[in-house]
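In what follows, residues are counted from 1 in the order of the sequence shown. Note that this is a predicted model, so its numbers are computed, not measured.
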Amino acid sequence: MSSARTLEAIQYTRGNLRILNQLALPHETIFEPVLNVQDGHAAIKTMKTRGAPAIAIVAALSLAVDAHARLEKNEFKSVDEAKDFLLSSLEYLKTSRPTAVNLFDTAGKFATLINKLVQNGAQEPKDLVMPIVEAAEQMLVDDVQDNKNIGKHGAEYIVNHVRDKSNISVLTHCNTGSLATAGWGTALGIVRDLHRNDQLKHAFCTETRPYNQGSRLTAYELVYESIPSTLICDSMASALLRLNPSVQAIIVGADRVAANGDTANKIGTYQLAITAKHHGILFIVAAPSTSIDLSMQSGKEIVIEERPANELVTTTGVLLDNNQSTTVRTAAQGINVWNPSFDVTPCELISAIVTEKGVAVKQPGQTEFDLKAFLS
């Protein structure tokens, strides 16, 4: 059985939060302090922190450290002041990444908790602040355990449903590992479990243009943990599946899953699902149940975030001669740019949705998932 070392992207003790600046990876390892909700919002908006679970956790913890500091300084003069700060901060944090449902789920749960505490007769500001601090801290603990359950369920499903159990390679997209979560990861957590159980021959990861989360982050994690792996560019996926029969599953994460299983994930996911279907291999979505949005019946209702044009027409790297970071333009001046951050994969292309609660599959003869029944 292989051992596993995982990276740490979120460092927290009560009153103190530091996040790994993922824009600097893989060239530099820089942890930056998050002192308030403004810092948390900026870290998420600029993608220093990314990955749906990590976004929600950093948002929650940024609110926790901010509110805790204000409480320590006696800045809240009343319960109403504390309530107004907490609720307005949650609304502000929601504007950082509109597609990631985990963030909205957390904000909704925290708002419900705050209102309940007020209704139950909170007497002092600390009666609101400390339960929010404790709830944010619990998210950090729970996410790691949820991810490990996802890894276990997903690895078992793959081994039980591939054609050749003795020759399992997988392909993954974007980054869904320790850097995108509190630890272990979702889709990459499944890869970790396969590797730990000596059931993985090889892992392939895409570059994941235009932000290169695959080449910068997933490749970094795979190398760090000595998992046998190879990087490909996004346009090589179909050729890989045609030429390498050991690749028997594509595993991706999710930023939002509709009730029927339609899944919003990093741009490029949809085309991977199409090629998986054509080549007759598994296409698996791995996500915590908080990524499932039962209020949306299908992917048609999911808002797709569009990112700045410069992400597509420039690239940042390190010069080999002096190890200095630089940004260069790679496209013609004046060209128009369309840069959606996500696409939606139709449920009929998805083999299974793996959560911490187990594996959701479609009923025989059905093209859609019944995720409401799965979660009930």
Verdict with reasoning, K77 to E81, per salt bridge (Lys or Arg N to Asp or Glu O under 4.0 Å): CA-CA 6 Å; K77 303 306 180 185; E81 274 193 21; over 6 Å; no
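- Atom NZ of K165 has more than 12 neighbouring heavy atoms from other residues, nucleotides or ligands inside a 6.0 Å radius.
- Summarising the hydrophobic clusters (Ile, Leu, Val, Met, Phe, Trp, Tyr; side-chain heavy atoms under 4.5 Å, direct or chained), the residues clustered with V303 are none.
- At a cut-off of 3.5 Å, with distance as the only test, no side-chain donor of D105 or T290 sits close to an acceptor on the other residue.
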Under 3.5 Å, side-chain donor or acceptor atoms of residues 365-376 against the rest of the protein: list the pairs with distances, not counting sequence neighbours.
{"from": "D370", "atom 1": "OD1", "to": "A373", "atom 2": "N", "distance (Å)": "3.1"}
{"from": "S376", "atom 1": "OG", "to": "A373", "atom 2": "O", "distance (Å)": "2.7"}

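- Qualifying ring-ring contact (aromatic ring centres under 6.0 Å, His included) partners for H41, counting only residues two or more places apart in sequence or in other chains: Y92.
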Test side chain to side chain contact (heavy atoms under 4.5 Å, CB included) applied to I168 and K201, step by step: CA-CA 5 Å; I168 301 175; K201 178 181 179 181; 5.7 Å; no
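- We find the CG-CG distance between L241 and L171 to be 6.5 Å, quoted to the nearest 0.5 Å.
- Between the side chain of T106 and the main chain of F104, no donor-acceptor pair closer than 3.5 Å is present.
- Taking each heavy atom of L23 and T46 in turn, the nearest pair found is CD1-O, 3.6 Å.
- Apart from Y270 itself, the hydrophobic cluster it occupies contains I274, L349, where clustering links Ile, Leu, Val, Met, Phe, Trp and Tyr at side-chain heavy-atom distances under 4.5 Å.
- Inspection of the D142 and Q138 side chains reveals an N or O donor paired with an N or O acceptor under 3.5 Å.
- With sequence neighbours excluded, no residue forms a side-chain hydrogen bond (donor to acceptor under 3.5 Å, both in side chains) with K148.
- Remark: I350 CD1 to T263 OG1 distance equals 3.5 Å, nearest 0.5 Å.
- D262 CG to E348 CD: the interatomic distance, rounded to the nearest 0.5 Å, is 7.0 Å.
- N149 places no side-chain N or O within 3.5 Å of a backbone atom of G358 that could act as its donor or acceptor partner.
- Checked by atom type and distance alone, the side chain of S88 pairs as donor or acceptor with a backbone atom of D84 at under 3.5 Å.
- In this view, H161 and Y157 satisfy the ring-ring contact (aromatic ring centres under 6.0 Å, His included) rule, not counting sequence neighbours.
- A cation-pi arrangement is present between K266 and F342 under the rule of less than 6.0 angstrom and at most 45 degrees off the ring axis.
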Name the atoms and distances for all side-chain donor-acceptor pairs under 3.5 Å in residues 244-258, with sequence neighbours left out.
{"from": "N244", "atom 1": "OD1", "to": "S246", "atom 2": "N", "distance (Å)": "3.0"}
{"from": "N244", "atom 1": "OD1", "to": "S246", "atom 2": "OG", "distance (Å)": "2.6"}
{"from": "S246", "atom 1": "OG", "to": "S169", "atom 2": "OG", "distance (Å)": "2.9"}
{"from": "Q248", "atom 1": "OE1", "to": "R163", "atom 2": "N", "distance (Å)": "3.0"}
{"from": "Q248", "atom 1": "OE1", "to": "D164", "atom 2": "N", "distance (Å)": "2.9"}
{"from": "Q248", "atom 1": "NE2", "to": "D164", "atom 2": "O", "distance (Å)": "2.9"}
{"from": "Q248", "atom 1": "NE2", "to": "N167", "atom 2": "O", "distance (Å)": "2.7"}
{"from": "R256", "atom 1": "NE", "to": "T99", "atom 2": "O", "distance (Å)": "3.3"}
{"from": "R256", "atom 1": "NH1", "to": "D293", "atom 2": "OD2", "distance (Å)": "2.5"}

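- With a 4.5 Å cut-off on side-chain heavy atoms, I227 and E221 do not count as touching.
- Expressed to the nearest 0.5 Å, how far OG1 of T218 lies from CG of N212 amounts to 11.0 Å.
- The structure places CD of Q22 at 4.5 Å from CG of L179, a figure rounded to the nearest 0.5 Å.
- In this structure, the side chain of T95 does not engage the main chain of L93 through any donor-acceptor pair within 3.5 Å.
- Scanning for side-chain hydrogen bond (donor to acceptor under 3.5 Å, both in side chains) contacts around E207 gives an empty result, with sequence neighbours left out.
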Apply salt bridge (Lys or Arg N to Asp or Glu O under 4.0 Å) to the pair R196 and D193, showing each step before the final yes or no. CA-CA 5 Å; R196 185 181 64 172; D193 262 77; 2.9 Å; yes
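- A donor-acceptor contact shorter than 3.5 Å is absent between the side chain of Q145 and the backbone of D143.
- Partners of Y220 according to the ring-ring contact (aromatic ring centres under 6.0 Å, His included) rule, which considers only residues two or more places apart in sequence or in another chain, do not exist here.
- For the pair D343 (side chain) and G268 (backbone), a donor-acceptor distance under 3.5 Å is present.
- With V285 as reference, I353 is the one residue of T355, I353, V354, T269 to meet the side-chain contact (heavy atoms from CB on, under 4.5 Å) rule.
- In this structure, the side chains of T316 and T326 stay at 4.5 Å or more apart for every pair of heavy atoms.
- Here the side chain of N115 pairs a donor or acceptor atom with the backbone of A111 at under 3.5 angstrom.
- Counting only N and O atoms by type, the side chains of N339 and E306 include no donor and acceptor under 3.5 Å apart.
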List the steps and the verdict of side chain to side chain contact (heavy atoms under 4.5 Å, CB included) for H153 and E356. CA-CA 8 Å; H153 296 317; E356 78 282 4; 5.7 Å; no
Output side-chain donor-acceptor pairs under 3.5 Å for residues 57-66, partner residues at least two apart or in another chain, one line each.
{"from": "S62", "atom 1": "OG", "to": "V58", "atom 2": "O", "distance (Å)": "3.3"}
{"from": "S62", "atom 1": "OG", "to": "A59", "atom 2": "O", "distance (Å)": "2.8"}
{"from": "D66", "atom 1": "OD1", "to": "R70", "atom 2": "NE", "distance (Å)": "2.7"}
{"from": "D66", "atom 1": "OD2", "to": "V37", "atom 2": "N", "distance (Å)": "3.0"}

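- Judged by distance alone, the side chain of S96 and the main-chain N or O of I44 form no donor-acceptor pair under 3.5 Å.
- Apart from L231 itself, the hydrophobic cluster it occupies contains nothing, where clustering links Ile, Leu, Val, Met, Phe, Trp and Tyr at side-chain heavy-atom distances under 4.5 Å.
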Check against side chain to side chain contact (heavy atoms under 4.5 Å, CB included), L117 and I114: CA-CA 5 Å; L117 291 168; I114 293 162; 5.5 Å; no
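- Under the ring-ring contact (aromatic ring centres under 6.0 Å, His included) criterion, H202 pairs with F204, not counting sequence neighbours.
- For the atom pair CZ of R307 and CZ of R97, the computed distance is 5.0 Å after rounding to the nearest 0.5 Å.
- No donor-acceptor contact under 3.5 angstrom links the side chains of N260 and S298, judged on distance only.
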Show, in sequence, the C-alpha distance, side-chain angles and deciding distance for R18 and E32, and conclude whether the salt bridge (Lys or Arg N to Asp or Glu O under 4.0 Å) test is met. CA-CA 5 Å; R18 298 200 311 160; E32 298 183 355; over 6 Å; no
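- Between the side chain of T208 and the backbone N or O of H173, no donor-acceptor pair lies under 3.5 Å.
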Give the C-alpha distance, both sets of side-chain angles, the deciding distance and a yes or no for side chain to side chain contact (heavy atoms under 4.5 Å, CB included) between N197 and K152. CA-CA 10 Å; N197 297 333; K152 176 178 179 293; over 6 Å; no
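- Of the possible polar contacts, none joining the R192 side chain to the H195 backbone as a donor-acceptor pair under 3.5 Å is found.
- For the residue pair S238 and T275, a side-chain donor N or O sits within less than 3.5 Å of a side-chain acceptor on the partner.
- In terms of heavy atoms, C174 sits closest to R50 at SG-NH2, 4.1 Å.
- Across L87, L71, V118, a single residue satisfies side-chain contact (heavy atoms from CB on, under 4.5 Å) together with L128, and that is V118.
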